[in-house]
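What follows is a set of notes on a single structure, which appears directly below.
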Amino acid sequence: MEQRHLGRTGLRVSRIGLGTLTWGRDTDEHDAADMLKAFWEAGGTLVDTADVYGDGEAEYLLGQLIDGLVPRRDLVISTKAGSVPDPDRRVDGSRGHLLAALDASLARLGTDHVDLWHVHAYDPATPLEETLQALDLAVSSGRARYAGVSNFCGWQLAKAATWQLAAPGTRTRLAGTQVEYSLLQRGVEREVLPAALDLGVGLLPSSPLGRGVLTGKYRHTTPADSRGASEHLAPFVEPYLDDTATRIVDAVTTAADGLAVTPLQVALAWVRDRPGVAAPIVGARNAQQLTAALSVEALSLPDEICRALDDVSAPVHRYPDHDWSTL
């Protein structure tokens, strides 16, 4: 698998990442082991998790598989901290919470460092410089090799990245930002993507298959074994089952038929090769599903297909997202 630099850093990651959102909850140890081995054998390196996935079980399960199944040195382990199961405060970006969460993550993972550590979301109740100092301390102490953010909007990302660049050698530049990005969710193109490109921050798209909808599995019904039929994940899928999504999925399916590939491959290749993207993060139920996603490595979409998909999924950009003189 091709390796790409993450943003303007020396960190190289496989251009498809393996997500672990369901590990320890819907994905058991056997399926997780099969997926990790298949991913590694395909040349994948980037494995993404978070301290809240499965209430910590995803990190623990990954830690159990490291070395015994796949050498730790062959993986780029990415985790996140800051999201908390508190209805009154969903995000805690305080320095104390973040550093304690990182130590807990390292214990579950059974390693002395993570390769990439993200703040899971912006915390309006904590000064941004305090949140970012936690990243600096994590890197300077060796507990994290690189740092990034997740789910930051455009101005939040620009402010954070610029703050870090203002004191080179003292503060850790942001390597990456993890945000949802797919043919069904192109909102990041308004301000997040331009900010990331300008400031040298690599994009790690989550839900690159539109929460599974872009595979075409929901075109006629909701499969019983799908996320859309899951009690706790159905609300996650439902927003992408509207008429707009249907038109986009139909276009993806038409493109796939013309190229003799699958809708999954078309949708994943599209986002993988967008400007600024380092590695889409793909989640799967089992090794068979993951192998189907990894087969996209050999596919590059023709320009005319990309233009057609761009047109059918184009988000509405008005003032001030576009040059005001053209409006």
Side-chain angles (χ1 to χ4, degrees), residues 3-14 17-20 45-53 56 58-63 66-67 70-84 91-123 126 128-152 156-157 160-161 163-179 196 199-204 206 278-279 281:
Q3 306 290 307
R4 291 173 171 173
H5 284 276
L6 181 59
R8 217 165 289 156
T9 73
L11 178 62
R12 286 162 56 83
V13 298
S14 54
L18 173 61
T20 64
T45 61
L46 177 63
V47 182
D48 180 75
T49 189
D51 63 348
V52 292
Y53 291 175
E59 288 182 329
Y60 178 75
L61 183 50
L62 177 58
I66 294 173
D67 284 336
V70 174
R72 168 68 179 91
R73 64 180 180 275
D74 288 355
L75 299 179
V76 176
I77 296 178
S78 166
T79 194
K80 298 177 282 293
S83 181
V84 291
V91 180
D92 187 346
S94 66
R95 181 173 57 243
H97 171 79
L98 291 175
L99 293 175
L102 175 58
D103 289 339
S105 289
L106 293 176
R108 286 188 291 268
L109 289 164
T111 183
D112 63 355
H113 73 280
V114 291
D115 301 285
L116 180 61
W117 188 46
H118 290 93
V119 176
H120 209 152
Y122 181 83
D123 179 9
T126 300
L128 182 59
E129 58 269 26
E130 178 183 335
T131 296
L132 295 173
Q133 189 186 34
L135 300 181
D136 298 334
L137 290 169
V139 172
S140 64
S141 67
R143 287 177 281 177
R145 298 296 191 253
Y146 293 86
V149 295
S150 177
N151 299 308
F152 276 37
Q156 293 163 354
L157 174 63
W163 176 265
Q164 293 303 93
L165 290 172
T170 303
R171 299 175 193 155
T172 301
R173 77 175 299 145
L174 298 185
T177 180
Q178 189 171 143
V179 286
L199 293 160
V201 180
L203 232 65
L204 297 170
S206 59
I281 308 297

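The structure presented is a predicted model; accordingly, all values stated were derived computationally and were not measured.
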For Asp51, all residues meeting salt bridge (charged side-chain N to carboxylate O under 4.0 Å, His left out), sequence neighbours excluded: none
I need the single residue from Asp48, Thr49, Asn151 that forms a side-chain hydrogen bond (donor to acceptor under 3.5 Å, both in side chains) with Lys80. Which is it? Asp48
For Gln164 and Asp136, the nearest pair of non-hydrogen atoms, with its separation, is NE2-OD1, 2.9 Å
Is there a donor in the side chain of Gln178 and an acceptor in the side chain of Ser206, or the other way round, less than 3.5 Å apart? no
Nearest heavy-atom neighbours spanning Tyr122 and Val91: O-CG1, 3.8 Å
Does the pair Asp115/Arg72 count as a salt bridge with the N-to-O cut at 4.0 Å? yes
For His120, side-chain hydrogen bond (donor to acceptor under 3.5 Å, both in side chains) partners two or more places apart: none
Residues forming a salt bridge (charged side-chain N to carboxylate O under 4.0 Å, His left out) with Arg8, sequence neighbours excluded: none
Partners of Asp92 by side-chain hydrogen bond (donor to acceptor under 3.5 Å, both in side chains), sequence neighbours excluded? Arg89, Ser94
With a 4.5 Å cut-off on side-chain heavy atoms, are Leu204 and His118 touching? yes
Under the salt bridge (charged side-chain N to carboxylate O under 4.0 Å, His left out) test, which residues partner Arg143, sequence neighbours left out? Asp103
Looking only at heavy atoms, the pair that brings Thr131 and Gly93 closest together is OG1-O, 2.7 Å
Can you name the residues that form a side chain to side chain contact (heavy atoms under 4.5 Å, CB included) with Ala166, not counting sequence neighbours? Arg171
Where do Leu46 and Ile281 land on the side-chain contact (heavy atoms from CB on, under 4.5 Å) test, with the steps shown first? CA-CA 8 Å; Leu46 177 63; Ile281 308 297; 3.7 Å; yes
